[in-house]
*Asks:* 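Quick one: structure below, then a few questions.
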Amino acid sequence: METKKWIVDIDVDKKNSYQQLKEAAHYLQRNEVIAFPTETVYGLGANATSDAAVAKIFAAKGRPSDNPLIVHIAELGQLLEAVEMVSDKAQKLIEAFWPGPLTIIFKKKDGIFSSLVTAGLDTVAIRMPDHPLAIALIRAAGLPIAAPSANCSGKPSPTTAHHVWEDLQGRIAGIVDGGETGVGLESTVLDCTSGEFPIILRPGGITKEAIERVIGKVQLDPAMMNEKQTPKSPGMKYTHYAPNVPMYLMAGNWEKYNELIKQKRQAGLKVGILATAETSKYYDADLVLSCGERNHLHTVAHCLYDTLRDFNKSNVDVIFAETFPKDGVGAAIMNRLEKAAGHRWLESDPRNN
Ligand code: TXA
Ligand code: MG
C-alpha cells in the first residue's frame, strides 16, 4: 500500500493546512487508517464505529486483539452519546484537564463503537487531545477516532512523523505530519468506573498529584509497582518500548558504574548509556546519549522515545539507563523505563552482575 504524507502547518486556519486535513479526514470516513499528531505521541487513527476500519489498526501494528484502544473525540457531545454516565469526579476531571493528556475509562453504551475498540469490555477509554491538528481532523471527519500510538506493537511510541514512517510505511494509508509532539509520553489512563477511588492504570502527562488536587485520593494500579500482578489495563501486560538490545537500569549515583562499564567493554561488549545533559560527561562508554535535563523532567519525557530509537540505530550490545525520582512526570518516565528494561536493575558492584 502506498502511504500518503500530508505536511500540515500547526496553524490549521492556513488555507493549505485545512485542505490537507480535509483530505486526510476523507480517508478516515472511507474507513482507512492514518497516523496523526497529538500532544502526547502520534496516534494511528480509524473510524471507531467501524469493525473494518478498526481491524486495520490491529493489523498494521501487529497489536494483540485483547488490548483495547482509546477513542479520541473533539466535542463533549461525542462523549455523552457514547457513555452510560459521567460521574461527578469524571466531570471535574474533564473540566480541569480536557483537552489534554488524560484518558478516562467510562461504562460504555452498547452499539456505538466497534467491539474491537473495547476488546469485548463493557468500558471504553476516551480522551480529547490537546492538539489543534488532532482536533481539526476529528471534527472534519465527524467521527470518534480510535487511536493507539502509531508504532509497531512493542516499539517505543512515535514522537515524530518520521518515527511513524520508519515503523508503518506501506502498512497504512497516510500520515499527517504536524512536527514533533509535545509531552512525548502517552496520556495518563484513569479508571473512574471502579469502587470508591479512581485508579491510575497508566501514568502519563497528567500527574497523580495534579489529579488528586482536583478529585482527592486516587490509587495506582498495584500491577504498575509489581510486575507479577495482572494489570487492569490490558495493554500494560505486554512488553513495550523495548530497545533491540538488553537494557538495564542503574540506581542513583551513576559514577559508581564506570567500573562495571569498563569490565563489560573489556569483555568485548559495546556499552551504551542513557544519560542526561547534566551527567553524560561522567561516563566512559561506547555511546552516551542524553535524553534531556535531569532538572527538567518534562524534557526527559519529551526526548525519551527518540533516544531509545537512536540506540536501535547504533551498534551497542547493551544499554545501561539512568533512573529518575517517581514524583510528578517522573512516575510516567520510570514506568516506561522499567518496561523498556524488562524490570532489570544493575548492581553497582560488578561482582553481583
Ligand atoms: O497518549 C495516548 O494515550 C496515545 C495517543 C495516540 O492518544 N494513545 C495511546 O494508545 O497510548 P495505546 O493504545 O497505545 O494505549 C491505550 C492504553 C492501553 O494500555 C490499553 O490497554 C488501555 O489504554 N485501555 C484502553 N481501553 C481500556 C479499557 N476499557 N479499560 C482499561 N484499559 C484500557
Ligand atoms: Mg502504545
Side-chain angles (χ1 to χ4, degrees), residues 33-46 48 54 57-58 60-74 82-84 97-108 113-131 133-135 137-138 144-159 163-164 167-168 176 178 181-194 198-206 221 223-224 230-242 301 305 332 335-336 339-340:
V33 170
I34 63 168
F36 63 96
T38 79
E39 81 281 30
T40 58
V41 300
Y42 272 74
L44 186 60
V54 176
I57 294 180
F58 285 91
K61 284 191 60 138
R63 180 175 173 112
S65 62
D66 67 346
N67 189 1
L69 307 176
I70 296 171
V71 175
H72 295 62
I73 59 171
V83 303
E84 284 287 340
F97 299 116
W98 279 13
L102 177 69
T103 295
I104 304 177
I105 313 270
F106 299 91
K107 285 257 182 284
K108 71 172 189 191
F113 300 124
S114 158
S115 58
L116 297 175
V117 169
T118 51
L121 300 172
D122 61 358
T123 55
V124 61
I126 300 190
R127 88 177 192 97
M128 189 185 283
D130 186 15
H131 193 294
L133 298 183
I135 292 290
L137 180 70
I138 298 166
I145 300 297
S149 48
N151 49 288
C152 282
S153 207
K155 293 268 174 235
S157 296
T159 55
H163 294 160
V164 180
D167 277 17
L168 297 174
V176 175
T181 60
V183 179
L185 297 179
E186 303 84 346
S187 62
T188 305
V189 178
L190 185 73
D191 186 353
C192 282
T193 66
S194 58
I199 303 174
I200 294 181
L201 305 184
R202 178 177 73 183
I206 303 287
D221 182 356
M224 271 170 29
T230 305
K232 284 186 184 305
S233 174
M236 298 297 281
K237 70 174 181 270
Y238 295 106
T239 313
H240 259 99
Y241 324 115
Y305 289 147
N335 171 264
R336 306 313 190 269
K339 281 177 153 287

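Whatever order the structure lists them in is the order used to number ligands and atoms, beginning at 1.
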*Asks:* Under 3.5 Å between some N or O of ligand 1 and some N or O of His72?
*Replies:*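 Looking only at distances, the answer is yes, because the N/O contact criterion of under 3.5 Å is met.
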
*Asks:* Are any of the N/O atoms on Lys61, whether in the backbone or the side chain, positioned under 3.5 angstrom from an N/O atom of ligand 1?
*Replies:*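 Looking only at distances, the answer is no, because the N/O contact criterion of under 3.5 Å is not met.
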
*Asks:* Nearest non-hydrogen contact with atom 14 (O) of ligand 1 belongs to which option: Gly120, Pro129, Ser149, Ser153?
*Replies:*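 When every heavy atom of Gly120, Pro129, Ser149, Ser153 is considered, Ser149 comes closest to atom 14 (O) of ligand 1.
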
*Asks:* Under 3.5 Å between some N or O of ligand 1 and some N or O of Glu186?
*Replies:*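 Glu186 vs ligand 1: no N/O contact under 3.5 Å.
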
*Asks:* Tyr241 vs Tyr305 aromatic rings, parallel, tilted or perpendicular, using cut-offs 30° and 60°?
*Replies:*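 Rings of Tyr241 and Tyr305: parallel, under 30°.
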
*Asks:* Can you name the atoms of ligand 1, numbered from 1 with element, that are less than 4.0 Å from a heavy atom of Leu201?
*Replies:*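 Heavy-atom distances to Leu201 below 4.0 Å select 31 (C), 32 (N).
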
*Asks:* Within ligand 1, which atoms have a heavy atom of Ala125 less than 4.0 Å away?
*Replies:*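 Going through ligand 1 atom by atom, the ones under 4.0 Å from Ala125 are 25 (C), 26 (N), 27 (C).
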
*Asks:* Taking the side chain as every heavy atom from C-beta outward, state whether Ile34 and Leu137 have any atom pair closer than 4.5 Å.
*Replies:*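 Yes. Closest side-chain heavy atoms under 4.5 Å.
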
*Asks:* Counting each atom of ligand 1 from 1 as listed, which ones have a heavy atom of Leu121 under 4.0 Å away?
*Replies:*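 Going through ligand 1 atom by atom, the ones under 4.0 Å from Leu121 are 28 (C), 29 (N), 30 (N).
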
*Asks:* Got a sec: is Ser149 within less than 2.8 Å of the Mg ion (ligand 2) via an N/O/S atom?
*Replies:*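 Yes, since at least one N, O or S atom of Ser149 sits under 2.8 Å from the Mg ion (ligand 2).
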
*Asks:* Going by distance alone, is a donor N or O of one side chain under 3.5 Å from an acceptor N or O of the other, for Ser187 and Thr103?
*Replies:*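 Yes, Thr103 and Ser187 have a side-chain donor paired with an acceptor closer than 3.5 Å.
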
*Asks:* Between Thr181, Ile57, Leu190, Val41, flag the one that comes closest to atom 4 (C) of ligand 1 by a heavy atom.
*Replies:*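 The residue whose heavy atom sits nearest atom 4 (C) of ligand 1 is Val41.
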
*Asks:* Enumerate the atoms of ligand 1 whose separation from the nearest heavy atom of Thr123 is less than 4.0 angstrom.
*Replies:*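 Numbered from 1, ligand 1 contributes 28 (C), 29 (N), 30 (N).
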
*Asks:* Do Ser149 and Glu186 have side-chain atoms, one donor and one acceptor, less than 3.5 Å apart?
*Replies:*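 There is no such pair between these side chains.
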
*Asks:* Taking N or O atoms only and a 3.5 Å limit, does Arg202 qualify as a polar contact for ligand 1?
*Replies:*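 So ligand 1 has an N or O lying under 3.5 Å from an N or O of Arg202.
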
*Asks:* How close do His163 and Pro158 get, counting heavy atoms only, and between which atoms?
*Replies:*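 That closest heavy-atom pairing would be CB-CB, 3.5 Å.
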
*Asks:* Looking only at non-hydrogen atoms, which of Thr40, Asp122, Ile105, Asp191 approaches atom 28 (C) of ligand 1 most closely?
*Replies:*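 Answer by nearest heavy atom: Ile105.
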
*Asks:* At a non-hydrogen distance cut-off of under 4.0 Å, which region of Arg63 contacts ligand 1 (side chain, backbone, both, or neither)?
*Replies:*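 Arg63 to ligand 1: side-chain contact only, backbone stays beyond 4.0 Å.
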
*Asks:* Atoms of ligand 1 less than 4.0 Å from Gly43 heavy atoms?
*Replies:*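 Checking each atom against Gly43, I get 6 (C).
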
